[in-house]
Asker: 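Can you keep this structure in mind? I'll have questions shortly.
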Amino acid sequence: MQKTRINIYIAITILIVSWLSCSNKTVYEEHKQIGTDGWKADSSVVFKVPVQDTSSIYNVYIHLRNTGDYPWRNIYFFVNTESPTEAQVSDTLEYYLADEKGKWYGKGWGQVWSHSLPYRMNVKFPQQGIYTIRIKQGMRSESIRSILDAGILLEKVN
């Protein structure tokens, strides 16, 4: 009886360790709060992303949290990525945060919605070092309210 109980504990421990090692692919994650006066059109959210492993493949996501008071169903971003050698890539992106009836995508809790938006998928970084990612809101408004924070998540692809 005692030996069976020990075998069950060992099996459960192995399962938990295996699950934890497989599920944690996140290499970098950071979020920055947007001020209470709104996200100004001329204001960037800046992330310094360290990359050491140039042989791995990564996915890069933009994380965004908004309240249910956000007035549009989409959002535009201007994203500028600068490599350690100062080479730059600029992108204009549009993401839908809600469907045509106003139902929010993402995960919600009360009046707050969280979105994980794919930015660059299956990318290899050519150099080690710090990559700087700057995100600006690209809506046709000087300031947008109801965006709580923006973030970057970098994960390794298995």
Asker: Could you report the tightest heavy-atom contact between M139 and I144, atom names first, then the distance?
Answerer: CB-CG2, 4.0 Å
Asker: Look at E30 together with K48 and state whether they make a salt bridge at an N to O cut-off of under 4.0 Å.
Answerer: no
Asker: Quick one: does T132's side chain get under 4.5 Å of F47's, heavy atoms only?
Answerer: no
Asker: Indicate if I75 and W113 have the same hydrophobic cluster label, given that clusters are the connected sets of ILVMFWY residues with side-chain heavy-atom separations under 4.5 angstrom.
Answerer: yes
Asker: Do the numbers put K136 on top of the ring of F77, so that NZ or CZ is under 6.0 Å from the six-membered ring centre and no more than 45° off the axis?
Answerer: no
Asker: Is there a path of hydrophobic side-chain contacts, each under 4.5 Å between heavy atoms of I, L, V, M, F, W or Y residues, that connects I62 with Y105?
Answerer: no
Asker: Is R145 reaching over with its side chain to a backbone N or O of T36, donor-acceptor style, under 3.5 angstrom?
Answerer: yes
Asker: Backbone N or O of Y131 within a donor-acceptor pair of the Q127 side chain at under 3.5 Å?
Answerer: no
Asker: Looking at S43, is its backbone amide N or carbonyl O close enough to the side chain of W39 to form a donor-acceptor pair, meaning the two atoms are under 3.5 Å apart?
Answerer: yes
Asker: Using the side chain to side chain contact (heavy atoms under 4.5 Å, CB included) rule, take K25 and V157 through it: C-alpha gap first, then chi angles, then the decisive distance, then the call.
Answerer: CA-CA 7 Å; K25 301 182 285 185; V157 176; over 6 Å; no
Asker: Going by atom types only, do E29 and H31 share a side-chain donor-acceptor pair under 3.5 Å?
Answerer: yes
Asker: Using modelled atom types and a 3.5 Å cut-off, is there a donor and acceptor pairing between side-chain atoms of N59 and backbone atoms of N122?
Answerer: yes
Asker: Should we say atom CD of Q52 is surrounded by more than 12 heavy atoms from elsewhere, each under 6.0 Å from it?
Answerer: yes
Asker: How long is the gap from OH on Y119 to OH on Y61, to the nearest 0.5 Å?
Answerer: 14.5 Å
Asker: Answer yes or no: is there a donor N or O on one side and an acceptor on the other, between the side chain of Y70 and the main chain of N74, under 3.5 Å?
Answerer: yes
Asker: I need the minimum non-hydrogen distance between W104 and A98, along with the two atoms involved.
Answerer: CE3-CB, 3.6 Å
Asker: Flag the pair I130 / P84 as yes when at least one side-chain heavy-atom distance between them is below 4.5 Å, and no otherwise.
Answerer: no
Asker: Rounded to the nearest 0.5 Å, how far does NZ of K107 lie from OG of S114?
Answerer: 7.5 Å
Asker: Pick out which of K124, K156, Q128 makes a side-chain hydrogen bond (donor to acceptor under 3.5 Å, both in side chains) with D53.
Answerer: K156
Asker: Are L117 and L93 connected, step by step, through hydrophobic side chains (Ile, Leu, Val, Met, Phe, Trp, Tyr) whose heavy atoms are closer than 4.5 Å?
Answerer: yes
Asker: Just how far is it from atom CG of L154 to atom CZ of F125, taken to the nearest 0.5 Å?
Answerer: 5.0 Å
Asker: May I ask you to decide whether D91 forms a salt bridge with R120, counting only side-chain N to carboxylate O separations under 4.0 Å?
Answerer: yes
Asker: I would like to know whether Y95 and H115 meet side chain to side chain contact (heavy atoms under 4.5 Å, CB included); could you show each step before the answer?
Answerer: CA-CA 10 Å; Y95 294 102; H115 308 271; over 6 Å; no
Asker: If Ile, Leu, Val, Met, Phe, Trp and Tyr residues are connected whenever their side-chain heavy atoms lie under 4.5 Å apart, and connections chain through other members, are L153 and V27 in the same group?
Answerer: no
Asker: Say whether Y76 and V60 are linked into one hydrophobic cluster, either directly or through other cluster members, by side-chain heavy-atom distances under 4.5 angstrom.
Answerer: yes
Asker: I need the I135 CD1 to H63 NE2 distance, nearest 0.5 Å.
Answerer: 10.5 Å
Asker: Please examine the side chains of L64 and L97, heavy atoms only from C-beta on, and report whether any two atoms are closer than 4.5 Å.
Answerer: yes
Asker: Start with the C-alpha distance between S146 and N66, add both sets of side-chain angles, then the distance that settles side-chain hydrogen bond (donor to acceptor under 3.5 Å, both in side chains), and finish with yes or no.
Answerer: CA-CA 5 Å; S146 304; N66 66 283; over 6 Å; no
Asker: So, does S83 use its side chain to make a donor-acceptor pair with the main chain of T85 at under 3.5 Å?
Answerer: yes
Asker: In a check of side chain to side chain contact (heavy atoms under 4.5 Å, CB included) between R65 and each of L148, I34, I147, which one passes?
Answerer: L148
Asker: Indicate the atoms forming the closest heavy-atom contact of S141 with A41, along with that distance.
Answerer: O-CB, 3.8 Å
Asker: Do V49 and I133 come close enough that some side-chain heavy atom pair is under 4.5 Å?
Answerer: yes
Asker: What is the distance from atom CG of D42 to atom CD of E142, rounded to the nearest 0.5 Å?
Answerer: 7.0 Å
Asker: Nearest 0.5 Å please: distance from the NZ atom of K40 over to the OG atom of S143.
Answerer: 4.0 Å
Asker: So Y58 and Y28, do their side chains get closer than 4.5 Å, heavy atoms only?
Answerer: no
